[in-house]
Amino acid sequence: MNSLSERTKKEAMRVLKETSRTFYIPISLLKPTLKNTVASAYLCMRAIDEIEDHQVLPAHTKTTLLTAISELLTKPFDSNAYQRLIDPFKNELPEVTNRLDEWIAICPVEVVNKVKSSTATMASGMAKWVKKNWQIKSKDDLDDYTYYVAGLVGVMLSDIWKWYDDIETDRELAIAFGRGLQSVNILRNQDEDSERGVTFMPNGWGREDMFSYANENLDLAKSYLKTLSNRNISTFCKIPYKLAEKTLSVMEAGREKMNRDEVNAVITTVTEN
Ligand SMILES: CC(C)=CCC/C(C)=C/CC/C(C)=C/COP(=O)(O)OP(=O)(O)O
């Protein structure tokens with residue numbers, strides 16, 4: 001047994017628990033091989049998301065880091081080069097980012113190139129949107145942004161399902177799933193984002209337009225769910241879907257987000273069915 005990689009897998013679950021409110025529980029419910037794979041894949045994307053979202057790093061540092069990481073991910077991953085790249089920023093960056101090389105190392109070899117490739121595309125898309133200062137003017141811009149930051153999570157997960165259990169899914173539906181979840185987050189975080197001077201609303205859009213965008217994409221997510229023939233995978237995907245659906249309904253009723261009991265109730269309903 002390789003005890004270093006066993007230790008890193010445990011660490012991955014600890015870091016996941018500390019960084020993701022939404023995905024720790026669904027990932028924990030996956031069977032061991034899937035759990036390890038999806039955890040490492042999620043952490044790879046989260047590692048770069050923390051750079052894009054960083055509250056202190058200047059834009060030029062973000063774009064330099066994201067572009068360089070994207071390039072590193074397109075080759076056999078050079079851990080030393082990665083550590084040299086982030087070294088000047090290690091104190092500012094969270095653990096999930098500083099350990100990207102370890103998350104890649106625990107991803108099964110048969111699927112790691114898919115994870116690296118989606119993450120590389122995401123990193124270059126994030127670099128592009130940092131450069132544009134997230135100036136989303138049109139629906140096409142919104143589709144482009146949500147493709148990079150969330151649609152690609154769906155693409156990567158679909159690649160994992162295909163590898164694990166030969167499950168065929170529709171790429172556009174997987175992307176829409178990500179877009180649906182992301183647009184619910186945009187609605188939920190609108191005030192917080194505008195306080196830091198960022199808006200993801202296309203010109204002329206109000207909240208109702210973003211609600212429609214979220215609903216349209218979540219409808220496609222529902223079609224995606226119907227195509228999943230593996231129960232363990234289907235439960236995993238249903239949890240964020242149902243949480244998003246419920247978040248939309250509480251926001252429509254004028255509240256900011258679900259309370260903890262409501263979150264737990266959604267998870268119980270999904271896992272008991
Ligand atoms: C095929 C398929 C299942 C597609 C879905 C793809 C997917 C899981 C996209 C994630 C997008 C997203 C908004 C993540 C952060 O959510 P958050 O802020 O709620 O999560 P956090 O608690 O991890 O920060």
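All figures in this text were calculated on a predicted structure; none of them were measured in a lab. Just so you know, ligand 1 is whichever comes first in the structure, and atom 1 is the first atom listed for that ligand.
- Residue contacts with ligand 1 include C237, since one of its heavy atoms falls under 4.0 Å from the ligand.
- Protein heavy atom closest to atom 12 (C) of ligand 1, with residue, atom name and distance, is Q182 OE1, 3.9 Å.
- Residue Y224 touches ligand 1 through its side chain alone, judged by heavy-atom distances below 4.0 Å.
- Using a cut-off of 4.0 Å between Lys/Arg side-chain N and Asp/Glu carboxylate O, E95 and R14 are scored as salt-bridged.
- K139 and D209 are not joined by a salt bridge, as no carboxylate oxygen comes within less than 4.0 angstrom of a charged side-chain nitrogen.
- Ring geometry for W161 versus F236: interplanar angle over 60°, hence perpendicular rather than tilted (30 to 60°).
- Here the protein heavy atom with the shortest distance to atom 9 (C) of ligand 1 is V153 CB, 3.6 Å.
- Among protein heavy atoms, atom 15 (C) of ligand 1 sits closest to N185 ND2, 3.8 Å.
- What sits closest to atom 8 (C) of ligand 1 on the protein, heavy atoms only, is F23 CZ, 3.4 Å.
- Ligand 1 has no N or O atom lying under 3.5 Å from any N or O atom of S158, backbone or side chain.
- Salt-bridge check for E50 with R46: passed, with a basic side-chain N closer than 4.0 Å to an acidic carboxylate O.
- Of the N or O atoms in S20, one or more lie within a sub-3.5 Å distance of an N or O in ligand 1.
- For ligand 1 and G154, the ligand atoms under 4.0 Å from any heavy atom of the residue are 1 (C), 2 (C), 4 (C), 6 (C).
- Here the side chains of K242 and T269 are not in contact, with every heavy-atom distance at 4.5 Å or above.
- Side-chain contact between S183 and L218 is absent, with no heavy-atom pair separated by less than 4.5 Å.
- Below 30°, between 30° and 60°, or above 60°: for Y42 and F23 the angle between ring planes is between 30° and 60°, a tilted geometry.
- Between the side chains of Y148 and S124, no donor-acceptor pair is found at a separation under 3.5 Å.
- Regarding atom 5 (C) of ligand 1, its nearest protein heavy-atom neighbour is F177 CD2, 3.6 Å.
- Annotation for ligand 1: atoms under 4.0 Å from non-hydrogen atoms of R46 are 21 (P), 23 (O), 24 (O).
- Nearest to atom 11 (C) of ligand 1 among the protein's heavy atoms is A150 CB, 3.7 Å.
- At under 3.5 Å, a nitrogen or oxygen of T22, whether backbone or side chain, sits near a nitrogen or oxygen of ligand 1.
- Using a 4.0 Å heavy-atom cutoff, Y42 is listed among the residues neighbouring ligand 1.
- A 4.5 Å side-chain heavy-atom check between S28 and M13 finds at least one atom pair inside the cut-off.
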